[in-house]
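First up is the structure itself, then whatever we jot down about it.
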2 protein chains.
Amino acid sequence: MLKLSKKVEYGLMALLHMDSLEPGSLVTAKEVSDQFAIPSELLGKVLQALARASLVESVHGARGGYRLKQSLDTLTLGEVVDALEGPFHLVRCHENPATCDQFESCNIREPVLQIQDRLMGYLSAFRLAEFRSKRPAVAGKR
Amino acid sequence: MLKLSKKVEYGLMALLHMDSLEPGSLVTAKEVSDQFAIPSELLGKVLQALARASLVESVHGARGGYRLKQSLDTLTLGEVVDALEGPFHLVRCHENPATCDQFESCNIREPVLQIQDRLMGYLSAFRLAEFRSKRPAVAGKR
DNA sequence: GTATATACGACCTTTTTAGTCTGCTTTCAA
DNA sequence: TTGAAAGCAGACTAAAAAGGTCGTATATAC
């Protein structure tokens with residue numbers, strides 16, 4: 001209920017991590033999964049989904065890996081959620097009214113839609129660069 | 001993922017319905033469940049939770065039922081969510097860090113907390129009266 | 001005292017989420 | 001040219017949460 005999924009958490013952690021690396025350098029799913037104690041197969045799927053959505057770029061084969069394709073300055077939380085969970089719907093009936101037993105009698109449809117729009121607007125306005133600025137500055141070489 | 005639960009939906013529907021009745025009049029869980037095609041036992045639990053949280057008042061025994069205890073002008077979406085789902089946490093680790101395998105290495109804790117605070121602020125600022133104003137006006141007697 | 005209603009807890013079922021496994025394709029480099 | 005390292009894809013399983021049901025106790029009107 002109103003929770004972020006592990007997929008989104010993992011995706012954000014990976015994106016933030018990539019942002020902290022030398023620009024353009026590759027990192028493998030295994031390296032990230034080791035660093036953050038994430039199951040590697042699962043993180044692999046997450047990164048693949050981010051690649052399909054062009055948030056990251058994947059390089060196949062040995063010595064391959066992933067790198068950011070967009071700056072965190074332009075990436076938003078909404079894009080990450082959309083890439084990993086699909087279009088955002090606050091209630092099931094907006095996706096598929098047929099499954100809702102209350103559809104006919106429903107007296108909250110319009111206002112819920114309005115809330116959804118505002119939440120979505122917030123997610124789409126939240127730039128991932130804001131994640132970066134909150135962490136302690138990392139001194140030294142990179 | 002970032003969905004409203006059926007409990008919250010049912011609670012909102014019931015609250016809105018009560019608001020449309022003669023002020024002070026009682027309505028039973030059965031009546032509401034019939035009107036909105038909600039399983040009555042489930043709606044019963046929802047209304048009981050709303051009563052525990054003092055959003056509605058319950059009257060026991062024959063001819064009993066529920067009525068609003070607060071005006072929708074003062075009730076907020078945040079209160080309803082809190083009454084029916086408990087304190088709002090965007091990620092599990094805010095409730096129980098022990099269950100999070102990524103707790104040590106996590107690089108997104110602070111920003112996620114910030115997002116949660118803003119979402120919570122939004123929920124708490126959203127007055128249920130706004131639900132009312134969006135419905136078609138009901139002409140005639142009440 | 002009986003019918004009607006809320007209250008509450010235990011339970012069951014279904015759906016969703018999280019994680020695993022198997023096998024493939026692509027690429028580098030020895 | 002071949003083996004290891006990596007991404008890719010889908011099926012599968014396990015665990016957790018959500019949704020729903022049932023039984024029973026308690027309160028109240030008539």
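Only this structure's heavy atoms are used, side chains among them; waters, hydrogens and symmetry mates stay out. Quick note on labels: first sequence line is chain A, next is B, and so on, each numbered from 1. Note that the structure is a prediction, hence the values are computed from the model and not measured.
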*Are any of A:Ser58's side-chain N or O atoms less than 4.0 Å away from OP1 or OP2 of D:dC8?*
yes
What is the distance from [atom1] of [X] to [atom2] of [N], rounded to the nearest Å?
X: A:Arg52; N: D:dG7; atom1: CZ; atom2: C1'; answer: 11 Å
X: A:Leu26; N: C:dT26; atom1: CG; atom2: P; answer: 19 Å
X: B:Arg67; N: C:dA5; atom1: CZ; atom2: P; answer: 15 Å
X: A:Leu43; N: D:dC8; atom1: CG; atom2: P; answer: 12 Å
X: A:Leu50; N: D:dC8; atom1: CG; atom2: C1'; answer: 14 Å
X: A:His60; N: C:dT27; atom1: NE2; atom2: P; answer: 7 Å
X: A:Lys30; N: D:dA6; atom1: NZ; atom2: C1'; answer: 12 Å
X: B:Glu57; N: D:dA27; atom1: CD; atom2: P; answer: 17 Å

*asked:* Could you measure the distance from the CZ atom of A:Arg132 to the OG atom of A:Ser20? Nearest 0.5 Å is fine.
replied: 10.5 Å
*Remember a base hit wins even if backbone is also touched, and classify A:Ala29 as base, sugar-phosphate or nothing at under 4.0 Å, heavy atoms.*
sugar-phosphate
*asked:* Classify B:Gly44 by what it touches in the nucleic acid, base, sugar-phosphate, or nothing, heavy-atom distance under 4.0 Å.
replied: nothing
Atom pairs and distances, donor-acceptor, side-chain atoms in residues 115-122 of chain A, under 3.5 Å, two or more places apart:
residue  : atom : partner : partner atom : Å
A:Gln116 : OE1  : A:Leu90 : N            : 2.8
A:Gln116 : OE1  : A:His94 : ND1          : 3.1

*Spell out protein contact along nucleotides 13-20 of chain C as letters: B when the base is contacted, S when just the sugar-phosphate is, - when no protein heavy atom is under 4.0 Å; keep the 5' to 3' order.*
---SSSBB
*Can you list every pair that meets side chain to side chain donor-acceptor pair (under 3.5 Å) and has a residue in residues 81-92 of chain B, with sequence neighbours left out?*
B:Ser5-B:Glu85
*Which residue pairs pass the side chain to side chain donor-acceptor pair (under 3.5 Å) test with at least one member in residues 31-43 of chain A, sequence neighbours excluded?*
A:Lys30-A:Asp34
*Give every residue pair that meets the salt bridge (charged side-chain N to carboxylate O under 4.0 Å, His left out) criterion with at least one member in residues 43-62 of chain A, sequence neighbours excluded.*
A:Glu57-A:Arg67
*Is there any salt bridge (charged side-chain N to carboxylate O under 4.0 Å, His left out) pair reaching into residues 2-16 of chain A, and which pairs are they, with sequence neighbours excluded?*
A:Lys3-B:Glu95, A:Lys6-A:Glu9
_Closest non-hydrogen atom pair between A:Gly11 and A:Leu84, with its separation_ = CA-CD1, 4.2 Å
*Who passes side-chain contact (heavy atoms from CB on, under 4.5 Å) against A:Ser25, sequence neighbours left out?*
A:Leu21, A:Glu22
Identify the pairs formed between an N or O of the protein and an N or O of nucleotides 2-5 of chain D at a distance under 3.5 Å, and give each distance.
residue : atom : partner : partner atom : Å
D:dA5   : N3   : A:Ala62 : N            : 3.3

*With a cutoff of under 4.5 Å between side-chain heavy atoms, which Ile, Leu, Val, Met, Phe, Trp and Tyr residues group with A:Val59?*
A:Leu26
